[in-house]
Peer 1: 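Below is one structure. I have some questions about it.
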Amino acid sequence: MPPRRILVTGGAGQVAADLVPVLRKLHGAENIVAAGHETQPSEAVRDGGPFEYVDACSYQAMERLVRKYDIGVIYHLATILSGEGEQNPGLAWNVNIGSLKVVLDLALETNVDQVFWPSSIAVFGPAAPTEDTPQQTVLEPTTMYGVSKVAGESLCNYYNIKYGLDVRSLRYPGLINHKAFSGGGTSDYAVEVFIAAVKEGHYTCFVDSDTMMPMMYMDDGIKATVDLMAAGASDLSVRTSYNISALSFTAGEIAAAVSDKVPDFTYDFVPDFRQEIANSWPNSVDDSVARRDWGWSPEYDLQALVEVMLREIRLKFGKSN
Ligand SMILES: NC(=O)c1ccc[n+]([C@@H]2O[C@H](COP(=O)([O-])OP(=O)(O)OC[C@H]3O[C@@H](n4cnc5c(N)ncnc54)[C@H](O)[C@@H]3O)[C@@H](O)[C@H]2O)c1
């Protein structure tokens, strides 16, 4: 049987910049179709295999793509992130939920029989426990991004129960990467601090120094995604979305860890509207269900993260400081 072709939406985004090359290596470059929207993807994503543009909210456009390539699996990454979502809540709802509904309905009508869709720690709001937030708890987010993720999780669960669709999901924490910086997220400061340290020598952080949230190096996020999609369907007890966890540190701690390695780096903290979003999210999450069901475990701790990020950002910008 020929390998099943995979479609990755949000192909110009941060997660796709790392996921698409990994999937191309695993399944063959010609079998992975990356689809962007209005922004330019990285060269590796655009030139490393089939690349298309699509509005993921358009059923017709998505159907054309799925039929053209005889797609069997969709990684649906197209989104409006939390910061941009609070600036434009209507757009966040329409894209995040509208496109997910398109993907799920399309899966029922075509040969697509497996869907991956990321949720987020943004599903938790101020009413949820902030430390070791459990897999199942109160979900009352105070951002439109979080609202769309809670609705999306329920939609995925519904399509699994009602139609038997094999849809799988992870609640990603803030993902720290060096390949694509699209902005618009509330955890962006944990990437910006590295770029600013290497390029400018100073960083003004948009949340307070004691702001803590769950974070993860992108390689661990990609490993979790690939491992979840490879797990036996009967091992999965969660069809809303799995908590996964790796690191929790404050904005002050990451700035200090960078400062230890970059001489003369200075930083300060001037919170903007994203402070309120960050305050509504947990400090850490309990991922014991993911560990039990499909053997999840992260590889990168804070020290390893700082080392790899500094090395890669210096290489990217041709700096040696
Ligand atoms: N990056 C993180 O830290 C993080 C954390 C938690 C969850 N997630 C989730 O992971 C997934 C990928 O996030 P990301 O960080 O790569 O986001 P991103 O913003 O970098 O990429 C999303 C892409 O979706 C595209 N898009 C927007 N509207 C579209 C439309 N109508 N049709 C098609 N594409 C459209 C954008 O152009 C963008 O390139 C999302 O579901 C996001 O909610 C990401």
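Keep in mind it's a predicted model, so treat the numbers as computed, not measured. Just follow the structure's listing: the first ligand is 1, and inside any ligand the first atom is 1.
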Peer 1: Counting from 1, what ligand 1 atoms have a heavy atom of Gly174 closer than 4.0 Å?
Peer 2: 3 (O)
Peer 1: Tell me, which protein residue and heavy-atom name are nearest atom 34 (N) of ligand 1, and how many Å apart are they?
Peer 2: His37 CB, 3.2 Å
Peer 1: Side chain, backbone, both or neither: which part of Val54 has a heavy atom under 4.0 Å from ligand 1?
Peer 2: backbone
Peer 1: Which protein heavy atom lies closest to atom 31 (N) of ligand 1, and at what distance to 0.1 Å?
Peer 2: Asp55 OD1, 2.9 Å
Peer 1: Can you list the ligand 1 atoms lying under 4.0 Å from a non-hydrogen atom of Gly13?
Peer 2: 16 (O), 18 (P), 20 (O), 21 (O), 39 (O)
Peer 1: Would the distance check show the side chain of Gln275 and the main-chain N or O of Asp208 forming a donor-acceptor pair, the cut-off being under 3.5 Å?
Peer 2: yes
Peer 1: Which ligand 1 atoms does Ala12 reach within 4.0 Å, using its non-hydrogen atoms?
Peer 2: 39 (O)
Peer 1: Side chain, backbone, both or neither: which part of Lys149 has a heavy atom under 4.0 Å from ligand 1?
Peer 2: side chain
Peer 1: Can you confirm if the aromatic rings of Trp296 and Tyr242 lie within a centre distance of less than 6.0 Å?
Peer 2: no
Peer 1: For atom 32 (N) of ligand 1, grab the closest protein heavy atom and report residue, atom and distance to one decimal in Å.
Peer 2: Ala56 N, 2.8 Å
Peer 1: Measure Ala35 to ligand 1 on non-hydrogen atoms and call it side chain, backbone, both or neither using the 4.0 Å cut-off.
Peer 2: neither
Peer 1: Do Asn177 side-chain atoms and Lys179 backbone N/O form a donor-acceptor pair below 3.5 Å?
Peer 2: yes
Peer 1: To check you understand the geometry: which heavy-atom pair defines the closest contact between Thr142 and Ser280, and what is its length?
Peer 2: OG1-CB, 3.5 Å
Peer 1: What part of Tyr145, side chain from CB on, backbone N/CA/C/O, both or neither, has a heavy atom under 4.0 Å from ligand 1?
Peer 2: side chain
Peer 1: Only heavy atoms of Val95, strictly under 4.0 Å: list the atoms of ligand 1 that pass.
Peer 2: 28 (N)
Peer 1: Under 4.0 Å from ligand 1, counting heavy atoms only, is it the side chain of Ser119, its backbone, both or neither?
Peer 2: backbone
Peer 1: When hydrophobic residues are tied together by side-chain contacts of less than 4.5 Å, even through go-betweens, does Val20 share a cluster with Val226?
Peer 2: yes
Peer 1: In terms of atom number and element, which parts of ligand 1 are under 4.0 angstrom from non-hydrogen atoms of Gly10?
Peer 2: 23 (C), 24 (O)
Peer 1: Under 4.0 Å from ligand 1, counting heavy atoms only, is it the side chain of Thr39, its backbone, both or neither?
Peer 2: side chain
Peer 1: Are the side chain of Thr250 and the backbone N or O of Thr211 linked by a donor-acceptor pair below 3.5 Å?
Peer 2: no
Peer 1: For Lys25, I'd like to know if atom NZ has over 12 heavy atoms of other residues, nucleotides or ligands within 6.0 Å.
Peer 2: no
Peer 1: Looking at Ser120, which atoms of ligand 1 are within less than 4.0 Å of one of its heavy atoms?
Peer 2: 6 (C), 7 (C)
Peer 1: For atom 1 (N) of ligand 1, what's the nearest protein heavy atom and its distance?
Peer 2: Gln14 NE2, 3.7 Å
Peer 1: Which protein heavy atom lies closest to atom 12 (C) of ligand 1, and at what distance to 0.1 Å?
Peer 2: Leu77 O, 3.4 Å
Peer 1: So for Pro173, does at least one of its heavy atoms come nearer than 4.0 angstrom to any atom of ligand 1?
Peer 2: yes
Peer 1: How close does the nearest protein non-hydrogen atom get to atom 24 (O) of ligand 1, and which residue and atom is it?
Peer 2: Thr79 N, 3.2 Å
Peer 1: Kindly identify the option in Ile176, Val15, Val123 whose heavy atom sits closest to atom 16 (O) of ligand 1.
Peer 2: Val15
Peer 1: Are any side-chain N or O atoms of Asn31 and backbone N or O atoms of His27, one a donor and one an acceptor, separated by less than 3.5 Å?
Peer 2: yes
Peer 1: Considering heavy atoms of the protein only, find what lies nearest to atom 20 (O) of ligand 1 and give residue, atom and distance to 0.1 Å.
Peer 2: Ser182 OG, 2.5 Å
Peer 1: Check for a donor-acceptor pair, side chain of Ser99 on one end and backbone N or O of Val95 on the other, with a separation under 3.5 Å.
Peer 2: yes
Peer 1: Given that the side chain starts at C-beta and the backbone is N, CA, C, O, which of these parts of Leu81 lies under 4.0 Å from ligand 1, counting heavy atoms, or is it both or neither?
Peer 2: side chain
Peer 1: Closest non-hydrogen protein atom to atom 3 (O) of ligand 1, residue and atom name please, with distance?
Peer 2: Leu175 N, 2.9 Å
Peer 1: Does the ring center of Tyr267 lie less than 6.0 Å from the ring center of Tyr203?
Peer 2: no
Peer 1: Salt-bridged, Asp166 to Arg239, with N to O below 4.0 Å?
Peer 2: yes
Peer 1: Under 3.5 Å, side chain of Arg168 to main-chain N/O of Leu228, donor-acceptor pair present?
Peer 2: yes
Peer 1: Any carboxylate oxygen within less than 4.0 angstrom of a Lys/Arg side-chain nitrogen, looking at Arg274 and Glu86?
Peer 2: no
Peer 1: For Phe269, does its backbone N or O pair with a side-chain atom of Thr204 as donor and acceptor, under 3.5 Å?
Peer 2: no
